[in-house]
Number of protein chains: 2
Amino acid sequence: MTEMSRNSGQEGGQPGRIGIGLELDATHLKILEVLRENGRISVAALAERVGISRANAYTRFEALRADGAIKRFTAEIDHVRAGLGITALIFVTVRQQMWRQFRAQLAQMPEVEYCAITTGQHDAMIQVRVTDVAAVHAMVTDRLANIPAVKATETVFILDEVLRRPYVLPSDRGPGRSSRRPPADPAAGSARSTGPARSAGPAGAAGPAGSTGAEVPLGMMRFVGAAEGRAQLQQDV
Amino acid sequence: MTEMSRNSGQEGGQPGRIGIGLELDATHLKILEVLRENGRISVAALAERVGISRANAYTRFEALRADGAIKRFTAEIDHVRAGLGITALIFVTVRQQMWRQFRAQLAQMPEVEYCAITTGQHDAMIQVRVTDVAAVHAMVTDRLANIPAVKATETVFILDEVLRRPYVLPSDRGPGRSSRRPPADPAAGSARSTGPARSAGPAGAAGPAGSTGAEVPLGMMRFVGAAEGRAQLQQDV
DNA sequence: GTTGAAATTAGTACGAA
DNA sequence: TTCGTACTAATTTCAAC
């Protein structure tokens, strides 16, 4: 299972915990930078590219894995080549108090590649990969519609995936804080990595959670209030 | 080259291209299955898990990479640990005839992890990872709003990422076609991969593209028509 | 497509700076 | 902590079957 709970690497924790077990310095970020683009690089080559000794690279590599900063290593597969030419996004409104059931059902659907709980008009967005358009229809009408937790859905097809970065890092915008100019796209490269797969951690949980339901204009951005039942999110899930 | 004449193995092709250079048999899928969960496994261990000889595994492994079925290998990084605790989805309405500019600008934004062109109310969805909520605001108002190609945006925060599968494969639902019962979630594992970063290729391009703009009820699914300017998608991009 | 054996490389375990 | 080296184990390559 690929359930992402929000806790640290090896230990389970409370949902609210964010604890940092490892201070990531510039060298750590550099390692992550190489690894996200070439997950299969040897530690020796990694050490050379980062500019540290092999022994140091092994130590840091292991630390990053143990800490959970590196969750797992995966191969990016061409879905079209693999026979899954259709990608769709399904926005789901979940009936309050039924989040647990919804998550359980999700785990039973192998065509679901990604699911995130969001603010806004809907409660969750799921991304599915299937062989044909009919399969999307079947998925929505047969599978999702039969889940009591699902109140409503809205489907959108993905026509093209313009960009997919392995994983964004803070170092992408320099050592500093936020809004600065990017140093241009550092795309090319190859990465390699090794290690057992583990449950993913939680994403950011800050932000306008538990909003009131009213639209709150904030500059050009529209914070669409969460749907009813969102307040139960933490207790229910 | 024999059968791969129309697409090259290592090179990206035109957006409309779907060509299949390599026939993926059950063994290939099995290899992909292992690799997506453990991208850093050795080819020797891979051979053992798949049940083929080492040499065979090397041959197939290389073929999958050359063919492009495996695009690259990457490390999944815990964004929170890496200092990017906030994830948001920004739905963008793009001004017609300006897709090329939009895409060019995207490449200049390192905080963008993913961008897909969609049907529906909006034209594109981008996922960003940043350090704090303010950075999202800055991103939308300062960066996106200043792109002439961007007509409007709508932002939604991700409160939790419930599920992330390395990559969905057709074998997940058995050798057959579509809607069947999943064999339960085969999640855990770790993946390793290697390869240069590249711009994402086109996803499935079928579906209700070039729709009229009217809502077409189809079972429980709502096909929201594409926004104006979508017709220029292929020529413009 | 498989097996086995050689050459290379990776991973580990020390000390020393 | 980090580096450098030596030792051990594993992997990749290449041969023949």
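Chain letters run A, B, ... following the sequence lines, proteins first and then strands; every chain starts at 1. Note that this is a predicted model, so its numbers are computed, not measured.
Distance A/Glu48 CD to C/dA10 C1': 14 Å, rounded to the nearest Å. Regarding A/Glu62, its CD atom lies at a distance of 15 Å from the C1' atom of C/dA13, rounded to whole Å. Rounded to an integer number of Å, the gap from CD1 of A/Ile31 to C1' of D/dT1 is 13 Å. Taking atom CG of A/Leu46 as the reference point, atom P of C/dT9 lies 17 Å away to the nearest angstrom. Summarising the geometry, the separation between CZ on B/Arg49 and C1' on D/dT11 is reported as 17 Å, rounded to the nearest angstrom. With rounding to whole Å, B/Phe61 atom CZ is found 17 Å from C/dG1 atom P.
Every residue two or more places apart in sequence or in another chain that forms a side-chain contact (heavy atoms from CB on, under 4.5 Å) with A/Glu62 is listed here: A/Arg65, A/Ala66. Partners of A/Asp25 under the side-chain contact (heavy atoms from CB on, under 4.5 Å) rule, at least two apart in sequence or in another chain, are A/Thr27, A/His28, A/Arg60. Considering only residues two or more places apart in sequence or on other chains, B/Ala45 meets the side-chain contact (heavy atoms from CB on, under 4.5 Å) condition with B/Ile41, B/Ser42.
A donor-acceptor pair is defined here as one N or O able to donate and one able to accept, closer than 3.5 Å; no such pair exists between the side chain of A/Thr118 and the backbone of B/Phe157.
Under a 4.0 Å N-O distance rule, the pair B/Arg165/A/Glu113 does not qualify as a salt bridge. In this structure, B/Arg143 pairs ionically with B/Glu111, as a charged nitrogen and a carboxylate oxygen lie closer than 4.0 Å. Classification of A/Glu161 and A/Arg164 as a salt-bridged pair holds, one side-chain N sitting under 4.0 Å from a carboxylate O.
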Which pairs, protein N/O on one side and nucleotides 15-17 of chain C N/O on the other, fall under 3.5 Å?
none

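Within a 6.0 Å radius of CD in A/Glu48, other residues, nucleotides and ligands contribute 12 heavy atoms or fewer.
When only modelled atom types and interatomic distance are considered, B/Arg129 and B/Thr87 share a side-chain donor-acceptor pair under 3.5 Å.
Side-chain contact check for B/Leu24 versus B/Leu64: some heavy-atom pair is nearer than 4.5 Å. Using a 4.5 Å heavy-atom cutoff, the side chains of A/Thr74 and B/Glu76 are in contact.
Contacts with DNA chain D (heavy atom under 4.0 Å) in residues 50-58 of chain B: B/Tyr58, listed by number.
Summary for the helix from C/dT2-D/dA16 to C/dA17-D/dT1: the axes at its two ends, each from 5 pairs, differ by 20° when rounded to the nearest 10 degrees.
Residue A/Arg60 places no side-chain N or O under 4.0 Å from the OP1 or OP2 atom of D/dT1.
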